[in-house]
Protein chains: 2
Amino acid sequence: MSQENLVSIPFVFEQPCPIRDVLDRIGDQWSLLILQVLEHGTMRFSEIERAITDISKQMLSKTLRRLEEDGFVRRTLYPEVPPRVEYELTDLGRSFLVPMKRLIAWANENHRAICEARGEYGVKNGGR
Amino acid sequence: MSQENLVSIPFVFEQPCPIRDVLDRIGDQWSLLILQVLEHGTMRFSEIERAITDISKQMLSKTLRRLEEDGFVRRTLYPEVPPRVEYELTDLGRSFLVPMKRLIAWANENHRAICEARGEYGVKNGGR
DNA sequence: GGTCAAGGTCTAGTTTGTAGACCTGATCAG
DNA sequence: CTGATCAGGTCTACAAACTAGACCTTGACC
């Protein structure tokens, strides 16, 4: 119960931790996907919606607002009727894509290995 | 409703999409954090638990099992009493850390910019 | 007057995550 | 002989997050 337990763990995450702060926002179902879609250029709400076929309007709206809030995305509203809203990456958003694309490349390269691992796990633990 | 809508969107995500398949698993609240913690070497369940102070046992257990299933992590059970279980990264897991560490570095470098963006957003939209 | 935009919001219902009690079974203190 | 303790979970309530789909707005068109 005392601090002694903690001595052996030198890397407890501090609570205002930049990594966690960023990853908690980015690391959700949709953010990475939306950023990747927006790499193709300025897009309207419904275009993004159709690009990511299985996102709900609510989550798209919410996630875009968060990405805007964090400075990854710029939202431009053209007050026409029906309204037109365009989303595009900011410089920050674009710079984020650099490390992220490496991650995506890794995902592509290692997808087979992951699928195989799943298969083996299933064989070993499937009959539990 | 016909295909014509889709013509203008050349990059709809296919459903068995490697990127999505990998990111959907990795991109959750905890996976990235756990992988990063395990970079420090083999660790026991409770050590990971204490490193990530605010994860629930259930989620730790569940996430570790998924990481094991996908081949990122190896689990070794020593059938003692009380039981000892050790987790360590596999080669796949370690190779994933390469692109991931770039992402973490980006997070560290740009955390300030993100916080500033949040501040500005708050000023502009806080009094809504 | 009814319908159709686009970009959302609102509501109800499902899924996912949380906190914390409980389980196991050998060991040890009283 | 009781019962407390250890690690690594699981189980059970409850709370938060997500989903599908109805609805809203406001001009233009039929």
Side-chain angles (χ1 to χ4, degrees), chain A residues 1-2 4-6 8-9 13 15 20 23-34 37-38 42-69 73-88 125 128, chain B residues 1-2 4-6 8-9 13 15 20 23-34 37-38 42-69 73-88 125 128:
Chain A
M1 280 301 173
S2 66
E4 283 150 283
N5 284 331
L6 300 174
S8 60
I9 301 176
F13 286 108
Q15 226 39 24
R20 292 210 50 175
L23 291 187
D24 279 3
R25 297 260 185 162
I26 283 309
D28 69 350
Q29 189 79 193
W30 304 116
S31 298
L32 291 171
L33 237 34
I34 291 175
V37 164
L38 281 176
T42 300
M43 288 183 73
R44 303 180 61 166
F45 186 90
S46 52
E47 284 180 306
I48 305 173
E49 195 177 3
R50 269 173 293 149
I52 305 174
T53 52
D54 54 346
I55 191 171
S56 66
K57 277 165 175 280
Q58 195 172 67
M59 281 316 291
L60 181 54
S61 167
K62 208 167 171 176
T63 309
L64 280 171
R65 211 174 313 118
R66 258 198 351 210
L67 291 174
E68 189 198 353
E69 190 178 342
V73 157
R74 180 166 25 255
R75 177 182 188 272
T76 314
L77 164 69
Y78 300 88
E80 309 164 354
V81 170
R84 184 157 60 95
V85 180
E86 289 187 345
Y87 293 90
E88 62 185 320
N125 306 68
R128 52 141 172 82
Chain B
M1 279 301 170
S2 67
E4 282 150 285
N5 285 331
L6 300 173
S8 61
I9 300 175
F13 286 108
Q15 226 40 25
R20 293 210 50 176
L23 292 187
D24 279 3
R25 297 261 186 160
I26 283 309
D28 68 350
Q29 189 79 192
W30 303 116
S31 297
L32 290 172
L33 238 35
I34 292 175
V37 164
L38 282 177
T42 299
M43 289 183 72
R44 302 179 60 164
F45 187 90
S46 53
E47 285 180 305
I48 305 174
E49 194 177 4
R50 268 173 295 152
I52 305 173
T53 52
D54 55 346
I55 191 171
S56 65
K57 276 164 175 277
Q58 194 173 67
M59 282 316 290
L60 180 53
S61 167
K62 207 167 171 176
T63 309
L64 280 171
R65 211 172 314 119
R66 257 201 348 214
L67 290 174
E68 190 199 353
E69 191 179 341
V73 158
R74 181 168 23 256
R75 177 181 187 272
T76 313
L77 165 69
Y78 299 88
E80 307 164 355
V81 171
R84 185 158 58 94
V85 180
E86 290 187 343
Y87 293 91
E88 63 184 320
N125 306 67
R128 50 139 176 89

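Quick note on labels: first sequence line is chain A, next is B, and so on, each numbered from 1. Computed from a predicted model, the values in this text were never measured in an experiment.
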- Item | Taking every non-hydrogen atom, the tightest pair across B/Leu38 and B/Tyr87 |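 Heavy atoms of B/Leu38 and B/Tyr87 come nearest at CD2-O, 3.6 Å.
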- Heavy-atom pair of closest approach, residues A/Arg84 and A/Glu80: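 Looking at all heavy atoms of both residues, the closest pair is NH2-OE2, 3.0 Å.
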N/O (side chain, [X]) to phosphate O (OP1/OP2, [N]) under 4.0 Å:
X       : N      : answer
B/Arg44 : D/dG8  : yes
B/Arg75 : D/dG9  : yes
A/Ser46 : C/dG7  : yes
B/Tyr87 : D/dA7  : no
B/Trp30 : C/dT18 : yes
B/Arg66 : C/dT16 : no
A/Ser61 : C/dG7  : no

- How do A/Pro83 and A/Lys62 order along DNA chain C: which one's closest nucleotide is nearer the 5' end?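 Nearest-nucleotide comparison on DNA chain C picks A/Pro83.
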- Under the 3.5 angstrom rule, does the side chain of A/Thr63 hit a backbone N or O of A/Met59 as a donor-acceptor pair?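 Side chain of A/Thr63 to backbone of A/Met59, a donor-acceptor pair under 3.5 Å: yes, one is there.
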- Message: Between A/Arg66 and A/Arg25 (side chain of the first, backbone of the second, donor and acceptor by atom type, cut-off under 3.5 Å), is there such a pair?
- Response: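 Here the side-chain-to-backbone pair exists.
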- Between CD of A/Glu86 and CE of A/Met43, what distance do you get to the nearest 0.5 Å?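 Rounded to the nearest 0.5 Å, the CD-CE separation comes out at 10.5 Å.
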Give the nucleotide from the list [options] with an atom nearest to the side chain of [X].
X       : options               : result
B/Val81 : C/dG7, C/dA26, D/dC18 : C/dA26
A/Pro82 : D/dA7, C/dA5, D/dG9   : C/dA5
B/Phe45 : D/dC18, C/dA19, D/dG8 : D/dG8

- Take B/Val85 and A/Gln29, find for each the nucleotide of DNA chain D with the closest heavy atom, and name the residue whose nucleotide sits nearer the 5' end.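 First, find each residue's nearest nucleotide; the 5'-ward one identifies B/Val85.
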Send over the distance from [X] [atom1] to [N] [atom2], rounded to a whole Å.
X       : N      : atom1 : atom2 : answer
B/Ile48 : D/dA7  : CD1   : P     : 14 Å
A/Lys57 : C/dA12 : NZ    : C1'   : 18 Å
B/Leu60 : C/dG17 : CG    : P     : 13 Å
A/Glu80 : D/dT26 : CD    : C1'   : 13 Å
A/Leu64 : C/dA6  : CG    : P     : 17 Å
B/Met43 : D/dA7  : CE    : C1'   : 14 Å
A/Ile34 : C/dG7  : CD1   : P     : 14 Å
B/Asp28 : D/dC18 : CG    : P     : 12 Å

- Got a salt bridge between A/Asp28 and A/Lys62, using NZ or NE/NH1/NH2 to carboxylate O under 4.0 Å?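 Salt bridge absent between A/Asp28 and A/Lys62.
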- Query: Does B/Gln58 get its side chain close enough to the base of D/dT12, under 3.5 Å, for a donor-acceptor pair?
  - Reply: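 By the distance-only test, yes, there is a pair.
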